[in-house]
Amino acid sequence: MIVDVHTHVWECPCHIGEKFIADARRTAGESYKDISVDLDKHWEAMQAVDRAVVLGFRARHVGVLVPNEYVAGYVALHPERLIGFCSVDPQDPDAIEQLDDAVQRLKLRGLKMGPIYQNVAPTDSRFRRIMGRAEELGIPVLIHQGATFCENVSLEIANPLQLQPLALEFPRLRMVIAHLGHPWIDETLVLIRKNPNVYSDISALYYRPWQFYNALVSAMEYGVLDRLLLGSDYPFTTPEATMAALRQVNSITEGTKLPRISEAKIEAMIHRDTLDLLGIG
Ligand SMILES: [Zn+2]
């Protein structure tokens, strides 16, 4: 089964603030493409996979507020293929109530967090109590722990090593670090190597081909290629383009003696039983 563990839906500009879009545009320069999502186009793109996780996103600090109801309403149209994850902002005093409601009433099956966007460190008690509740609820958490293009954020709280205390405090909690925690990729790899319930997705990396290739070589050398999950970060790219890039990752080595990533391991990553690993199969 092929699972895209990382896709977004939102309405622009209703759910996404102007500053977020302006920062995306400024940092992408000429390669900027519209990040608004048309749900029909999302659905069309997901025909390339068997299952897709659709993420909520609540981060008032950067002006992103995708309602959990919106995610639940969309995935309910295609329950055979789409799996909804909610999001809660740790700055909300009622974040725990929001999480309980999203899981129990809206039937969302996981949680998306983004400390750098939410401006709350993973070690902060407001963040930790949400992780504790996720562990009690038995739901996986996908965490954007890595850099971003947004201007008014703290890179200091974005390093994947900030998740280490959570992995130790909540050993039953299944976590997925988004984007291999770029640019702290080796930190992510050693974290997932030692903590059996921590995984990482490879989304939104292939358009830096040298970094992407090196990330997979590092993962191979640390012996954690089997802990990496397929993800696209739609609408920034599609699962189809991501799978094509994975299958071509060795093209960079042609005519050289650089190490090659095992094609069999790449196919295994694409076909990984991600939902079983995350306890939502
Ligand atoms: Zn994303």
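Counting convention: from 1, in listed order, for ligands and their atoms alike. Just so it is clear, the model here is predicted, and its values are computed rather than measured.
The Zn ion (ligand 1) has an N, O or S atom of H6 inside 2.8 Å of it. Distances from the Zn ion (ligand 1) show that H8 has an N/O/S atom below 2.8 Å.
Atom CD of Q98 has more than 12 heavy atoms from other residues, nucleotides or ligands within 6.0 Å. Atom CD of E80 is surrounded by more than 12 heavy atoms from other residues, nucleotides or ligands within 6.0 Å.
Residues Y199 and T274 fail the side-chain proximity criterion, which asks for heavy atoms closer than 4.5 Å.
Checking H42 against Y74 by side-chain atom types alone, a donor-acceptor pair falls below 3.5 Å.
The atom name of the N/O/S atom in D233 closest to the Zn ion (ligand 1) is OD1.
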